[in-house]
Amino acid sequence: MRAQPGGTPRRDPAAPGDLLECDLLQAAADRVLATLRALEVDRHGSLTADPVALALSEHTDAVAARLPRRLSRAPVWAAVEARIRADAAYTPSFLLLLVVAGVIGAVGLLTNSQILIVAAMILGPEYGAITGVALGLDRGERRLAGRGMLALTVGFTLAVLAAYAFTLLVSVAGLVPEAFARGIRPVSHLIYTPDFYSVTVALLAGIAGVVALAHTRSSALIGVFVSVTTIPAAADVGVSLAVGSPGQAGGSLVQLLLNIAILIVTGFATLRAQRAMWARVARRHPGG
């Protein structure tokens with residue numbers, strides 16, 4: 001893109017090496033990016049946006065002070081979508097992390113170790129796929145939603161199989177902890193009995209995840225929160241099948257599928273609601 005003398009940008013695909021930079025307040029970023037895309041700048045070149053960690057400018061401070069406080073904190077939706085799409089890249093490491101999380105979850109269930117269950121949740125990468133499906137539904141992009149669902153299906157199937165195979169190996173080797181063998185399974189009981197409280201946690205996790213993404217909060221912590229509802233249930237399906245408890249496995253499977261569905265639907269609804277809310281704020285302050 002090249003700037004004409006009057007300041008109006010025009011497209012010039014043959015001009016190599018042109019670069020224009022500008023500083024924007026967060027509230028204006030989406031509007032400017034949309035205008036540049038309408039000019040097809042992204043087709044003939046590229047658009048990049050980087051957050052500014054520190055800007056010392058009296059002019060900028062004065063302009064920002066005139067903005068309504070809510071509008072000054074509006075999410076940059078282009079950046080939100082970019083983060084979701086980046087996390088919706090399903091490399092072999094995505095599947096490997098779910099397998100490792102499933103095995104660690106199985107160890108935690110067999111030993112009644114809540115610490116290991118938390119460790120399994122930390123490893124779980126599934127939130128990227130869940131938000132990818134939610135964004136696909138929000139944008140009507142079937143391919144994005146379909147890829148996310150396929151990744152979740154394959155990933156959790158492998159996690160269940162890994163937990164199943166590990167538990168069988170432990171059983172054959174005679175290493176099943178005595179307490180677990182006697183039916184003392186307090187950690188498992190919380191997982192294979194879906195109820196009002198588990199649904200509530202899944203709803204809150206779905207809402208918190210999207211809100212955190214919109215405001216660039218720590219996605220790692222949110223991922224752990226989301227995994228509370230998924231990884232332990234997947235691991236318990238495999239463990240329960242291996243020790244001959246099909247009823248317990250069925251309860252955990254219901255818990256897993258129910259929670260994934262709730263996370264996707266809640267994520268989709270929260271995305272829609274957030275967009276609508278911030279669009280309403282922008283309409284109230286068109287000069288912002």
Side-chain angles (χ1 to χ4, degrees), residues 90-130 133 148-202 205 223-264:
Y90 311 116
T91 60
S93 61
F94 173 87
L95 301 177
L96 180 59
L97 284 174
L98 275 175
V99 167
V100 173
V103 174
I104 293 177
V107 176
L109 292 169
L110 289 168
T111 60
N112 286 319
S113 172
Q114 297 180 3
I115 294 177
L116 289 178
I117 294 296
V118 173
M121 294 186 298
I122 291 173
L123 282 178
E126 71 279 11
Y127 189 54
I130 289 170
V133 175
M149 288 302 300
L150 179 61
L152 289 171
T153 301
V154 174
F156 277 112
T157 298
L158 291 176
V160 169
L161 291 175
Y164 174 79
F166 175 80
T167 306
L168 278 183
L169 180 63
V170 168
S171 298
V172 171
L175 298 175
V176 176
E178 182 180 352
F180 187 90
R182 292 170 56 189
I184 303 175
R185 308 171 185 177
V187 176
S188 298
H189 179 74
L190 296 174
I191 296 169
Y192 67 78
T193 52
D195 54 18
F196 168 78
Y197 297 105
S198 60
V199 170
T200 299
V201 171
V224 175
F225 185 25
V226 168
S227 291
V228 169
T229 64
T230 54
I231 294 295
D236 197 57
V237 173
V239 171
S240 299
L241 288 175
V243 298
S245 301
Q248 182 173 322
S252 295
L253 181 60
V254 170
Q255 179 88 283
L256 175 63
L257 297 178
L258 178 64
N259 287 342
I260 289 177
I262 290 173
L263 287 167
I264 290 173

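Note that the structure is a prediction, hence the values are computed from the model and not measured.
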Do you know which two heavy atoms are closest between [X] and [Y], and how far apart they sit?
| X | Y | value |
| --- | --- | --- |
| Ile104 | Leu116 | CG2-O, 3.4 Å |
| Ala235 | Ala163 | O-CB, 3.6 Å |
| Gly155 | Leu95 | CA-CD2, 3.7 Å |
| Ala101 | Leu123 | CB-CB, 4.1 Å |
| Val160 | Ala234 | CG2-O, 3.4 Å |
| Ser252 | Tyr192 | OG-CB, 3.1 Å |

Side chain to side chain, [X] and [Y], heavy atoms closer than 4.5 Å:
| X | Y | value |
| --- | --- | --- |
| Arg185 | Ser245 | yes |
| Phe180 | Val243 | yes |
| Met149 | Ile264 | yes |
| Ser113 | Val107 | no |

With distance as the sole test, does [X] use its side chain to make a donor-acceptor pair with the main-chain N or O of [Y] at under 3.5 Å?
| X | Y | value |
| --- | --- | --- |
| Ser198 | Pro194 | no |
| Asp236 | Leu109 | no |
| Asn259 | Gln255 | yes |

Check whether more than 12 heavy atoms from other residues, nucleotides or ligands sit under 6.0 Å from atom CG of Leu175, and answer yes or no.
->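 Atom CG in Leu175 is packed in, count exceeds 12.
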Pair Phe156-Ile260, side chain to side chain contact (heavy atoms under 4.5 Å, CB included): steps then yes or no | CA-CA 11 Å; Phe156 277 112; Ile260 289 177; 3.8 Å; yes
Leu98 and Ile231: CA distance, side-chain angles, deciding distance, side chain to side chain contact (heavy atoms under 4.5 Å, CB included) verdict | CA-CA 8 Å; Leu98 275 175; Ile231 294 295; 3.6 Å; yes
Point-to-point distance, once rounded to the nearest 0.5 Å, from CD1 of Ile122 to CG of Leu97 |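 Answer rounded to 0.5 Å: 12.5 Å.
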ring-ring contact (aromatic ring centres under 6.0 Å, His included) involving Phe166 - partner list, sequence neighbours excluded |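 Testing Phe166 for ring-ring contact (aromatic ring centres under 6.0 Å, His included), a comparison that skips the adjacent residues, returns none.
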Test Thr230 against Leu152 for side chain to side chain contact (heavy atoms under 4.5 Å, CB included), laying out the working first.
-> CA-CA 11 Å; Thr230 54; Leu152 289 171; over 6 Å; no
